[in-house]
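First the proteins, then the strands, lettered A, B, ... as listed; each starts at 1. This is a predicted model, so every value here is computed, not measured.
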Number of protein chains: 2
Amino acid sequence: MRDRPKIKDIAERAGVSAATVSRALADSALVTAETRQRVLDLARELNYRPNVSARNLRTRKSMSVLLVVRDVGNPFYLDILKGVEATAREAGYSVLMGNTENDPARETEYFNMLRDGHADGMILMTGKLPPAGGWSHLPVVVALEMIEGSGLPHVQVDNIAAARGAVEHLIALGHRRIAHISGPVPEPMSVRRREGYRLAMREAGLAIPDGYELRGDFLLESGEQCCRSLFALAEPPTALFVANDEMAYGTVHELRRMGRDVPGDVSVVGFDDLYLSKAFYPALTTVSQPRAEIGRTAMTLLLTILSGGSVRWAEPLVLPTVLNIRGSTAPPRS
Amino acid sequence: MRDRPKIKDIAERAGVSAATVSRALADSALVTAETRQRVLDLARELNYRPNVSARNLRTRKSMSVLLVVRDVGNPFYLDILKGVEATAREAGYSVLMGNTENDPARETEYFNMLRDGHADGMILMTGKLPPAGGWSHLPVVVALEMIEGSGLPHVQVDNIAAARGAVEHLIALGHRRIAHISGPVPEPMSVRRREGYRLAMREAGLAIPDGYELRGDFLLESGEQCCRSLFALAEPPTALFVANDEMAYGTVHELRRMGRDVPGDVSVVGFDDLYLSKAFYPALTTVSQPRAEIGRTAMTLLLTILSGGSVRWAEPLVLPTVLNIRGSTAPPRS
DNA sequence: GTGAAAGCGCTAACAA
DNA sequence: TTGTTAGCGCTTTCAC
């Protein structure tokens, strides 16, 4: 940062004004090819790079976006981050990481960073808006989650249909006693996946016995716990639809500890298709979300908003899911 | 960003100068308690937040740091990111994500971002410096990897000792035919882990037969491939020391496909202790690095450098590792 | 096509 | 303790 050449230095050597240098560097049509070339050569020679703070102050932009998640430590977000990063970088934007850990103060803080000019836009994956309100006209795209009535553009998958498809797969295999370990209802995503489960069961005319719907928190340990509860029942299930892969790993782990074979004794379906689910044993049958594409799409949407002014989206953008059928599901033991 | 109150607005209403407001907001001792309170109240009332671009330009700081990795999609970095983010945030810094994908142009680009004032410092986890040189006086901390002769401060673990300990565990179990799947040598980290393997073998008077040292690339598939090569040998190994968990998952996967039991037929030790390694089947014996602490330490070091001026570190900062012995290792079949 | 001049919002040196 | 002044480096009118 010290002794860096500035526009003025180039201007002096090129024998032009600072304004002309600025224009040449910006590829403006208001400069002769010759002047531009002279400036460009000099810039390279001096190893000139514009000072971003000065430019940001002047242009009232930061050329960076905030990516806000509940937990940066969660592997689920990786591919989304990757998609966002790639798309952002192509457009000349940097990605600032935001991590709320469900703390309302931090959630508000990231919105304030938008106002401060820290970032030009935000991709929000927390599913929550700060209490104060008045945020809906900010350049924010909600991804993965659903913030009802916010008026913000959304990029997501159809959690109800995807969950339903997963349960229908179990039913098609012949399972009748199917339990569900949900995420932290009443959050919309968890409610929707549970809704898909209920729909599939009802369609098939299957009852959901007491104790067959358990509430988890998306973490490994809660998968283990819920699994213990389920298999303490008088009539335990023969199949599990688990609201995410991480809890599904927990259930498989726990089932193994209890001496039950997967999929021989119990079938398990997860949701997310984490990177390692195919290397898991047994390879996990799970719903795959197009995570990288969710990231790319959300960032593309944000870029549109940032360039074209405010946009309103009546309908959420829904990306397709795929049920990956692997080794953790099989017909029930006759 | 539009119609935001600025310092001048507060100054006018408070009947003081902009400088006084700035001082009050900065908690300077040069303001009477009364004036400060008046300014603070007004700031809250107007919902004032300083414009960061203006402040950055003036102070020549950005209050953000760059975290540069080879692949943002790699789950290995998650806990490090988490540690960095937490420490950075406590100190008022934001974290910008950098992703090089081993592209030299991008590696250079992130160094340039430092010069541009995009970030004040950088935590580098790529193990590489741009070709041009002259970077060693920049506020950069190297974490995880080793850049020899760079003169930059390092935060790392003792890969040689850790690898050696892992192999000694296999030897103690009674294994004699132990193979190694390395990372992408000749990168220092991979070389060091291989070195630990060789040391342990030599100490125990064990030969390393031809074909027992294979080069992987840290990805799942290369674990599978190397595993196939190893078990096509006339005398295949009874134990594997694999340079990271991801490849270790691949080997276990492949062994299972070949009908060999882990740890009954073959023992496998990994390196990293990824979050899911304990839920893996069999639970993976692996070397655990204190990833979150590596992140925290690196960021703390960077903060020291950023506040205290330049610091030179003769010795790398070495954090301890632990060998987690789980279900993937056992004595060889008599 | 180019230059002069203004100013983005803030902080810090200097004066009072 | 406070105000005045200058300026961080850039972009963008406006005038020529």
Arg70(A) with Glu101(A): basic N within carboxylate O range, under 4.0 Å: no

Worked verdict on Arg49(B) versus Asp116(A) for salt bridge (Lys or Arg N to Asp or Glu O under 4.0 Å): CA-CA 6 Å; Arg49(B) 299 211 106 216; Asp116(A) 299 349; 2.4 Å; yes

Stems in DNA chain C, runs of 3 or more consecutive Watson-Crick or G-U wobble pairs with both distances under 3.5 Å, sorted by first number, are C:1-16 with D:1-16

note: Arg49(B), atom CZ; dC10(C), atom C1'; distance rounded to Å ~ 16 Å

**Message:** Under a 4.0 Å threshold between the charged nitrogen and the carboxylate oxygen, would Arg296(A) count as salt-bridged to Glu90(A)?
**Reply:** no

Met63(B) CE to dT11(C) P, in whole Å, measures 12 Å

Note to self: When you measure from the side-chain N and O atoms of Arg4(B) to the phosphate of dG9(C), is any distance below 4.0 Å, counting only OP1 and OP2?
What the structure shows: no

Next item on the list: Would you confirm whether Arg291(B), through its side chain, and Tyr77(B), through its main-chain N or O, come within 3.5 Å as a donor-acceptor pair?
Entry: no

>> Other residues, nucleotides and ligands only: do more than 12 of their heavy atoms fall within 6.0 Å of CZ on Arg13(A)?
In response: no

* Asked: Just checking Thr35(B): base, sugar-phosphate only, or nothing, at a heavy-atom cut-off of under 4.0 Å?
  -> sugar-phosphate

Validation row: Val157(A), Ile294(A) side chains within 4.5 angstrom (heavy atoms): yes

DNA chain D nearest-nucleotide lookup for Ala29(B) and Arg55(A): closer to the 5′ end is Ala29(B)

Between CD of Glu12(B) and P of dG9(C) the distance, given in whole Å, is 13 Å

Rounded to the nearest 0.5 Å, the CD atom of Glu109(B) sits from the CG atom of Asp103(B) at a distance of 10.5 Å

**Prompt:** Run the side chain to side chain contact (heavy atoms under 4.5 Å, CB included) check on Thr35(A) and Thr20(A) step by step: do they pass?
**Reply:** CA-CA 8 Å; Thr35(A) 314; Thr20(A) 302; 3.8 Å; yes

Can you check nucleotides 3-7 of chain C for protein contacts, nitrogen or oxygen pairs under 3.5 Å, and list what you find?
from   : atom 1 : to       : atom 2 : distance (Å)
dG3(C) : OP2    : Ser17(A) : N      : 2.7
dG3(C) : OP2    : Ser17(A) : OG     : 3.1
dG3(C) : OP2    : Thr20(A) : OG1    : 2.6
dG3(C) : N7     : Arg23(A) : NH2    : 2.7
dG3(C) : O6     : Arg23(A) : NH1    : 3.3
dG3(C) : O6     : Arg23(A) : NH2    : 3.4
dG7(C) : N2     : Arg58(A) : NH1    : 3.1

Tell me, with the steps shown, if Tyr110(B) and Leu96(B) meet side chain to side chain contact (heavy atoms under 4.5 Å, CB included). CA-CA 10 Å; Tyr110(B) 288 114; Leu96(B) 275 165; over 6 Å; no

Contacted region of DNA chain D by chain B, from 5' end to 3' end of the hits, cut-off under 4.0 Å to heavy atoms, spans dT1(D) to dG9(D)

Test: Asp9(B) and Arg4(B) ion pair at under 4.0 Å:
no

Between CG of Asp116(A) and P of dC10(C) the distance, given in whole Å, is 10 Å

Taking for Arg36(B) and for Leu57(A) the nucleotide of DNA chain D with the nearest heavy atom, the one nearer the 5' end belongs to Arg36(B)

- Query: Within the structure shown, what part of the strands sits under 4.0 Å from Thr32(A) by heavy-atom distance: base, sugar-phosphate, or nothing?
  - Reply: sugar-phosphate

Glu85(B)/Arg106(A) ion pair, N-O < 4.0 Å:
yes

note: Leu25(B), atom CG; dG9(C), atom P; distance rounded to Å ~ 16 Å

